[in-house]
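The structure appears right after this line, and notes come after that.
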Amino acid sequence: MSKKQFTTHHGMVDILPGESEKWVYLESVIRDVAKSFHFDEIRTPILEQTELIARGVGQLTDIVSKEMFTFSRGDDNYVLRPECTAPVARAFVEHRLDQRGGIQKLFYIGPMFRAERPQKGRQRQFHQFGAEILGSSNPAADVEIIQFMMAVYDKIGIKNATLQLNSVGDPSCRLAYKNALQDYFRPHLDELSEISKTRFDKNPMRILDSKEEEDQPLLEYAPLISDFLSDECRTHFDTVKHYLDNLGINYTLNPRLVRGLDYYTRTAFELTSTDLGSQDALGGGGRYDLLIEEIGGPKTPAVGFASGMERLFIACDALGIEMPVTSIPDVYIVTRGAKAQEWAVKTLGLLRHQGKSATMDLGGRSIKAQLKDANRSNAKWCIIVGETELETSMFTLRNMKESTENQYPLNEIFELIQ
Ligand code: HAM
């Protein structure tokens with residue numbers, strides 16, 4: 001019987017050594033940015049209650065209607081989280097974080113799951129970093145969230161992305177807008193794509209997000225939300241734009257940007273890049289002033305963003321940006337014989353205690369193979385030890401980059417490799 005070969009599920013990928021170092025680096029950049037903006041980390045479970053996501057993200061969205069990985073166990077319905085804003089809002093309500101004092105500024109990094117058709121930049125398990133400010137209706141909070149997002153791309157070196165900006169208003173502006181959209185589309189219902197027809201009654205704003213070819217000519221002349229904003233929503237939006245202008249953050253106004261999740265109110269934004277292909281959104285977010293109440297919490301205005309980490313790496317590849325690789329050992333000890341190995345085990349301990357990254361061969365390989373391995377690992381130094389070295393207490397120290405070597409006592413070696 002032939003042995004079964006197991007593989008990952010479609011759209012889910014292993015992050016292998018050689019790749020994982022990039023992730024560690026990106027995560028360190030995100031943490032540095034979070035620290036400078038004074039955001040605290042939050043880690044929520046991978047599994048949430050299905051109803052939380054259905055209510056939070058919205059029944060009519062693609063995510064809830066067709067992309068959730070769900071299962072039940074006993075009376076409980078589980079969903080692999082497709083995003084982290086509803087989970088953070090749930091944690092805020094569950095742990096009464098509003099009583100922790102002040103406005104909550106939280107960030108997260110982690111895997112999300114959507115049962116989408118995989119393609120470049122679109123996976124079924126993907127990773128997001130994101131940030132949320134809970135408890136502030138101040139336009140300065142919207143700007144801080146946008147700045148946080150942009151700061152990560154800036155530090156990584158992605159500077160050619162476009163920030164698309166819109167205000168989707170609040171329920172008071174949207175009622176009139178929804179009517180205007182329906183009045184506009186009604187005479188053309190037959191010409192709309194099937195998916196847009198299903199959105200006509202309950203959520204005509206989502207028609208604006210359509211990528212279907214037959215919808216495009218109609219979308220061009222559809223009414224714009226900017227003509228329906230209430231005075232409060234308009235003032236909020238003007239202030240956001242004014243602050244962005246003051247900061248020199250460029251943006252493109254896109255009155256058709258509606259985003260694919262239902263919880264947004266007022267500010268909505270997306271960072272897009274032409275380096276990504278058809279999945280062109282590096283990240284996106286906006287204000288969601290009603291979500292926390294919607295899931296049973298106190299009235300709490302909030303704003304946030306999330307960015308796809310795989311897409312950030314795709315943009316880096318396209319732009320030739322390389323992340324610093326951190327897994328290079330300072331020292332590789334090459335040994336000949338059992339005594340030398342015993343010495344190496346002890347010496348590795350001393351080196352590591354001094355904060356050095358140090359390693360040795362664990363496969364019983366020949367000296368030649370060990371040196372080859374040391375070379376491949378890009379180790380900066382090699383200590384070569386055999387019986388003679390142990391007898392004389394003089395060890396060979398090889399500078400791998402310069403291909404030079406000399407013999408020294410161990411204490412001098414420790415000084416030389418500092
Ligand atoms: P989203 O636009 O659904 O927003 O996702 C944010 C980012 O996650 C996207 O721009 C994209 O880079 C990445 N992404 C989404 N789906 C996939 C996928 N299947 N494969 C690879 N990358 C993907 C949200 O998730 C909101 N929670 C953002 C937010 C936070 N709004 C307020 N706070």
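As the structure lists them, so they are numbered: ligands from 1, and atoms in each ligand from 1. Quick note: residue numbers are just sequence positions, from 1. All figures in this text were calculated on a predicted structure; none of them were measured in a lab.
For the residue pair Asp170 and Ser172, a side-chain donor N or O sits within less than 3.5 Å of a side-chain acceptor on the partner. Side-chain contact, Tyr288 with Thr85: no donor N or O sits under 3.5 Å from an acceptor N or O. For the residue pair Thr61/Asp262, the side-chain donor-acceptor check at 3.5 Å is not satisfied.
Residue contacts with ligand 1 for Gln279 are absent, since no atom lies close enough (heavy atoms, distance under 4.0 Å). Contacts between Arg311 and ligand 1 below 4.0 angstrom, taking non-hydrogen atoms only, involve the side chain exclusively. Residue-level proximity to ligand 1 for Gln128 is carried by the side chain, the only part with a heavy atom below 4.0 angstrom. Under 4.0 angstrom from ligand 1, the non-hydrogen atoms of Leu261 all belong to its side chain. Counting heavy atoms under 4.0 Å from ligand 1, residue Tyr263 touches it through the side chain alone. With a 4.0 Å heavy-atom cut-off, ligand 1 is reached by the side chain of Tyr288 but not by its N, CA, C or O. Only the side chain of Arg259 comes within 4.0 Å of ligand 1, judged by heavy-atom distances.
Looking at Arg234, its side chain never comes within 3.5 Å of a backbone N or O of Gly169 through a donor-acceptor pair. Checked by atom type and distance alone, the side chain of Gln128 never pairs as donor or acceptor with a backbone atom of Pro82 at under 3.5 Å.
Within a 6.0 Å radius of CD in Glu322, other residues, nucleotides and ligands contribute 12 heavy atoms or fewer.
Among protein heavy atoms, the minimum distance from atom 20 (N) of ligand 1 is reached at Gln123 N, 3.0 Å. Looking only at protein heavy atoms, the nearest one to atom 33 (N) of ligand 1 is Glu132 OE1, 2.8 Å. In this structure, atom 10 (O) of ligand 1 lies nearest to the protein heavy atom Gly283 CA, 3.3 Å. Protein heavy atom in closest approach to atom 18 (C) of ligand 1: Phe126 CD2, 3.4 Å. Counting only heavy atoms of the protein, atom 30 (C) of ligand 1 lies nearest to Thr85 OG1, 2.9 Å. The protein heavy atom nearest to atom 31 (N) of ligand 1 is Tyr264 OH, 2.6 Å. Nearest protein heavy-atom contact of atom 19 (N) of ligand 1 is Glu116 OE2, 2.7 Å.
Relative to atom 27 (N) of ligand 1, the option among Gln125, Glu310, Glu83 with the closest non-hydrogen atom is Glu83.
Tyr243 does not carry Lys241 over the face of its six-membered ring by the limits of under 6.0 Å from the centre and within 45° of the normal.
Between Lys368 and Asp373, no side-chain nitrogen of the basic residue sits less than 4.0 Å from a carboxylate oxygen of the acidic one, so the salt-bridge criterion is not met. A salt bridge links Asp98 to Arg96: one of the charged nitrogens lies within less than 4.0 Å of a carboxylate oxygen. A salt bridge is defined here as a Lys NZ or Arg NE, NH1 or NH2 lying under 4.0 Å from an Asp or Glu carboxylate O, and Asp32 with Lys155 fails to meet this definition. Under a 4.0 Å N-O distance rule, the pair Glu41/Arg31 qualifies as a salt bridge. Under the 4.0 Å criterion applied to side-chain N and carboxylate O atoms, Arg55 and Glu294 are assigned as salt-bridge partners.
Nearest heavy atoms, Glu48 versus Pro87: OE2-CB, 3.3 Å.
Distances from ligand 1 to the non-hydrogen atoms of Glu270 include no value under 4.0 Å. The shell of residues lying under 4.0 angstrom from ligand 1, judged by heavy atoms, includes Gly121. Within the 4.0 Å heavy-atom shell around ligand 1 one does not find Gly130.
Within the listing of ligand 1, atoms 6 (C), 7 (C), 28 (C), 29 (C), 30 (C) sit less than 4.0 angstrom from a heavy atom of Ala306.
Among the atoms of Leu282, some N or O lies under 3.5 angstrom from an N or O of ligand 1. Note: no N/O pair closer than 3.5 Å links Ala131 and ligand 1 by distance alone.
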